[in-house]
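Below: one structure, written as structure tokens.
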Amino acid sequence: MDNEAEGQVVDLRAKLHAQADPAAIARQNIQDARQVAGADEAAFAGQLSRMVGWEVTPELVTLWETEITPPGDVVTAAQLLGGGPSQITVDVRPQALAGIEAAYATRAEFVAATALDQLFDTADNIWAVGLSHNLLCQQYPNEKLIAKLNNGSAVEMLFLQPGGEAIAQREEEEHYQIGYLSSLTDLNLTTMVERVRPKLQPGAATNLRIGTYDETIRFNLIFVDQDVCIMQPYLHGDRGISTPTIVVKKQPEPGIYDTMWASYQWLRERANFQ
């Protein structure tokens, strides 16, 4: 329990302290990143200076590791220097984990650290609800998706209704012109309906289910084989790619996975399928 898993993402099950201490976590991240980079305080200060665009002294590095909370841009730069996507280390009580396997600061960092091919290639069933579904429609090859569906896998995607009230609200929150997100979503919808579905074999036509819903968007959710849920909140003013992405595994006891699955079912009941 006390040994941290190696790699780019911290396994949250290894963090079982009673209280979270964000300041201590940030200081530890600076120290860990410097050690991974194999640099002393002076060398690390020089590397940080080049990344953040202002002078960092060795004395500051020492203070950030021991006494004071480092600024956010320094933490991000240090983590990048330490070897890859930023890590989120969370101290929680064991019972509060509720199936959380890993957390990423942004969707971009999740994508950088995750082989989507490995995630989706072996999946028998995928359920997704969100806005435009770029992970499945843009970043996972259409040819692979078609092959999966023809081989018997089932995929269901619920898109935020283009031209609806909810997507207009989201455009306002993200400071886009009216119709911007609608056009992007409509493009992905059209790809699924006109480029993927026509290439399905007769017996596989029902393996792809596409629906739209017009409800306030709160999460982007992707469920893989009722085993893993990739969840991401939609925050005020922040684009979906900029908000945290959390990987949750289904547990024997009710947890976060089950809560998100219930949310999916609620939206599914209100969706229009085509």
Side-chain angles (χ1 to χ4, degrees), residues 72 76 86 88 98-100 102-112 114 116 119-120 126-140 142 145 155-197 208-224 228-248 255-274:
T76 300
S86 301
I88 297 179
I100 293 178
Y104 302 81
T106 66
R107 185 195 301 169
E109 293 185 3
F110 164 75
V111 171
T114 304
L116 293 181
L119 180 66
F120 295 138
I126 298 172
W127 299 265
V129 61
L131 203 158
S132 300
H133 293 304
N134 286 332
L135 282 184
L136 282 165
C137 297
Q138 299 286 341
Q139 294 177 269
Y140 189 66
N142 289 345
L145 183 59
V155 176
E156 181 173 282
M157 286 185 277
L158 306 182
F159 293 82
L160 198 59
Q161 175 65 53
E165 293 182 6
I167 204 166
Q169 180 185 44
R170 192 63 209 169
E171 287 168 342
E172 181 179 356
E173 287 187 356
E174 294 189 16
H175 309 293
Y176 285 123
Q177 292 183 345
I178 295 175
Y180 179 81
L181 292 178
S182 286
S183 63
L184 293 179
T185 304
D186 192 56
L187 174 63
N188 287 349
L189 267 167
T190 300
T191 297
M192 292 296 106
V193 173
E194 297 184 3
R195 299 185 63 181
V196 173
R197 182 174 280 166
L208 176 63
R209 287 178 54 82
I210 298 172
T212 59
Y213 67 101
D214 192 12
E215 304 287 343
T216 300
I217 187 167
R218 294 187 172 93
F219 284 94
N220 182 85
L221 303 171
I222 300 177
F223 300 89
V224 179
V228 172
C229 173
I230 303 159
M231 55 180 285
Q232 184 178 20
Y234 278 87
L235 305 177
H236 298 291
D238 284 333
R239 298 177 61 197
I241 61 173
S242 303
T243 55
T245 300
I246 301 170
V247 179
V248 181
I256 295 174
Y257 182 100
D258 303 276
T259 301
M260 295 298 105
W261 180 250
S263 178
Y264 179 84
Q265 293 299 320
W266 188 91
L267 291 167
R268 189 177 189 274
E269 292 173 359
R270 289 155 177 78
N272 296 313
F273 287 88
Q274 51 183 278

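Only heavy atoms go into these numbers, but all of them, side chains included; no hydrogens, no water, no symmetry mates. Sequential numbering from 1 along the given sequence is applied to the chain's residues.
Ile256 is listed as a side-chain neighbour of Met231, based on a closest heavy-atom distance under 4.5 Å. A heavy-atom distance below 4.5 Å is not found between the side chains of Leu181 and Ser132. Between Trp127 and Ile222 there is no side-chain heavy-atom pair separated by less than 4.5 Å. Counting heavy atoms from C-beta outward, Arg195 and Thr190 have side chains that stay 4.5 Å or more apart. When side chains are defined from C-beta on, Leu187 counts as touching Gln138, because their heavy atoms get closer than 4.5 Å. Looking at Val155 and Phe120, their side chains never come closer than 4.5 Å, going by heavy atoms from C-beta outward. Residues Arg268 and Glu156 meet the side-chain proximity criterion, which asks for heavy atoms closer than 4.5 Å. Side-chain contact between Thr216 and Tyr234 is absent, with no heavy atoms from C-beta onward closer than 4.5 Å.
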**Study point:** Test side-chain contact (heavy atoms from CB on, under 4.5 Å) applied to Phe159 and Cys137, step by step
**Key:** CA-CA 11 Å; Phe159 293 82; Cys137 297; 3.9 Å; yes
Exercise for review: Begin with the C-alpha distance, continue with both residues' side-chain angles, and end with the deciding distance and a verdict on side-chain contact (heavy atoms from CB on, under 4.5 Å) for Leu145 and Met192.
Suggested key: CA-CA 10 Å; Leu145 183 59; Met192 292 296 106; 3.8 Å; yes
Point to revise | Worked check of side-chain contact (heavy atoms from CB on, under 4.5 Å) between Trp266 and Glu215 | key: CA-CA 10 Å; Trp266 188 91; Glu215 304 287 343; 3.8 Å; yes
Check your understanding: Stepwise, does the side-chain contact (heavy atoms from CB on, under 4.5 Å) test hold for Val247 with Val228?
Key -> CA-CA 7 Å; Val247 179; Val228 172; 3.8 Å; yes
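The two atoms that bring Glu173 and Leu235 nearest to each other are OE1-O, 4.5 Å, heavy atoms only. Between Tyr213 and Val129 the shortest heavy-atom distance is CE2-CG2, 3.6 Å. Heavy-atom minimum distance, Thr106 versus Ser242: CG2-O, 3.6 Å. For Pro162 against Thr185, the heavy-atom pair with the smallest separation is CG-CG2, 4.0 Å. Of all the heavy atoms in Ser182 and Gly163, the pair that sits closest is OG-N, 2.9 Å. The minimum heavy-atom distance linking Ile167 with Asp214 is given by the pair N-OD1, 4.5 Å.
Rounded to the nearest 0.5 angstrom, Leu119 CG and Ile126 CD1 are separated by 7.0 Å.
For Arg270, the salt bridge (charged side-chain N to carboxylate O under 4.0 Å, His left out) test picks out no residue, with sequence neighbours left out. Tyr257 meets the ring pair (Phe, Tyr, Trp, His ring centres under 6.0 Å) test with Phe223; sequence neighbours excluded.
Between Asn134 and Gln139, the side chains place no donor N or O within less than 3.5 Å of an acceptor N or O (distance only, hydrogens not considered).
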